[in-house]
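Have a look at the structure below before the remarks.
All chains are named by letter (A, B, ...) in the order of the sequence lines, taking the proteins before the strands, and each is independently numbered beginning at 1.
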Amino acid sequence: MPELPDLSAFSHNLQKKLKGKTIKNISIHTTKKLNASRGEFEQALKHQTIEKVERNGKELYFTTKDGTVFALHLMLRGQLFVDNKEHKSAVVEILFDDDTRFVMADYQGLATIRLNPEEPDAPDALDGQVTLKYFSDKLAGTKATIKNFLLDQHNLRGIGNAYADEILWDARIAPFSICSKIPEEQVKDLYHSIRKVLTHAEKQILQSNPDIISGEVRDFMLIHNANRTESPDGAKIHQKMAGGRKTYYTDEQDLYK
DNA sequence: TGGCATGTTGGCGA
DNA sequence: CTCGCCAACATGCC
């Protein structure tokens, strides 16, 4: 449920909490698709010291001093805790040498942990390698709708359902526009809106929730927000299902077909 | 109360 | 091959 800006905020705070701590024990309880055995995880991570925590797409990457990485994906319902409580649906528990306990829980059992994930095939939405040229070339070559394009992690990684709507409104492009039909000028607007909306959201989240490491903050959203009926400029917000997800948009957004 | 919200995967049909 | 859509996963929330 948390999206890119939430995850960026979590990584910021987790790094503050966990950097320099050494893993005493790691236990993996339930997860359907591990890319290594429990023994391999333990072997690779025991006695390792956390060097940095960063967001990569919709995952959090934890890198240790020797360069080993484990990646957490919260999927729909994953939650993170740094505390000493028992968590009923813990997926992964990591105990550090100072008895700090870090838990990823998910009652739905979909959250995952991966050891040394391979290089992803698409860049992170905020990565410097996503240039305007990369972005516009990619759009020119696809006939899908722009909303589906933004959600497809094979194009850009990190954007989810809620922020896709916020970004498209910011760029004034209708979600059902065909990628290859969007004019150059609007592609440029969209490119800048991606960065603007996502980085601004992270700032707002950290401002209102300075210590956040789990959950999501949505109250500042302008369009993808069940509590709002109108955009900031007074246009009625429409709702429509697309790909099984609810899409919010207004008539201020131009449709390119 | 019960439908909605979320991401990913894999399968189906156009 | 491309694209849209659907089901499945499971439960807290309004």
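- Contact annotation: A:His154 side-chain N/O to C:dC1 OP1/OP2 distance is not under 4.0 Å.
- Between the side chains of A:Asp98 and A:Thr100, at least one donor N or O sits under 3.5 Å from an acceptor N or O.
- Residue A:Leu72 contributes atom CG, which lies 17 Å from atom P of B:dG7 at whole-angstrom precision.
- When the options A:Arg55, A:Glu216, A:Glu202 are evaluated for a side chain to side chain contact (heavy atoms under 4.5 Å, CB included) with A:Pro5, the one that passes is A:Glu202.
- Taking 4.0 angstrom as the limit, A:Lys58 places a side-chain polar atom (N or O) nearer than this to OP1 or OP2 of B:dT8.
- Using a 3.5 Å distance cut-off with no hydrogens or angles, the side chains of A:Trp169 and A:Gln253 do not pair a donor with an acceptor.
- For A:Ala144, counting side-chain heavy atoms from C-beta on, the closest listed nucleotide (B:dT6, C:dC3, B:dT8) is C:dC3.
- Distances shorter than 4.0 Å separate none of the side-chain N or O atoms of A:His73 from OP1 or OP2 on B:dG7.
- In A:His200, the NE2 atom is not crowded: 12 or fewer heavy atoms of neighbouring residues, nucleotides or ligands sit closer than 6.0 Å.
- Distance CG (A:Asn227) to C1' (C:dC14): 11 Å, rounded to an integer number of Å.
- Applying the 3.5 Å distance criterion, the base of C:dT11 shares no donor-acceptor pair with the side chain of A:Arg77.
- The nearest whole Å value for the distance from the CE atom in A:Met75 to the P atom in B:dA5 is 18 Å.
- Classified by interplanar angle (parallel below 30°, tilted 30° to 60°, perpendicular above 60°), the ring pair A:Phe135/A:Tyr191 is tilted.
- Residue-level contact check: A:Asp106 touches neither bases nor backbone, having no heavy atom under 4.0 Å from any strand.
- Using a 4.0 Å heavy-atom distance criterion, A:Thr145 is classed as a sugar-phosphate-only contact.
- Applying the 4.0 Å criterion to OP1 and OP2 of C:dT2, one finds that A:Thr142 has every side-chain N and O outside that range.
- As rounded to the nearest Å, B:dG3 and C:dA7 have P atoms that lie 15 Å from one another.
- Nearest nucleotide to the side chain of A:Leu110, out of C:dC9, B:dT6, C:dG4: C:dC9.
- In this structure, the OH atom of A:Tyr248 is 9 Å from the C1' atom of B:dC4, given to the nearest Å.
- Of the side-chain N and O atoms in A:Lys246, none sit less than 4.0 angstrom from OP1 or OP2 of B:dC4.
- A:Gln108 has its CD atom 8 Å from the C1' atom of B:dT6, to the nearest Å.
- Taking 3.5 Å as the limit, the base of B:dT8 and the side chain of A:Arg245 contain a donor-acceptor pair of atoms between them.
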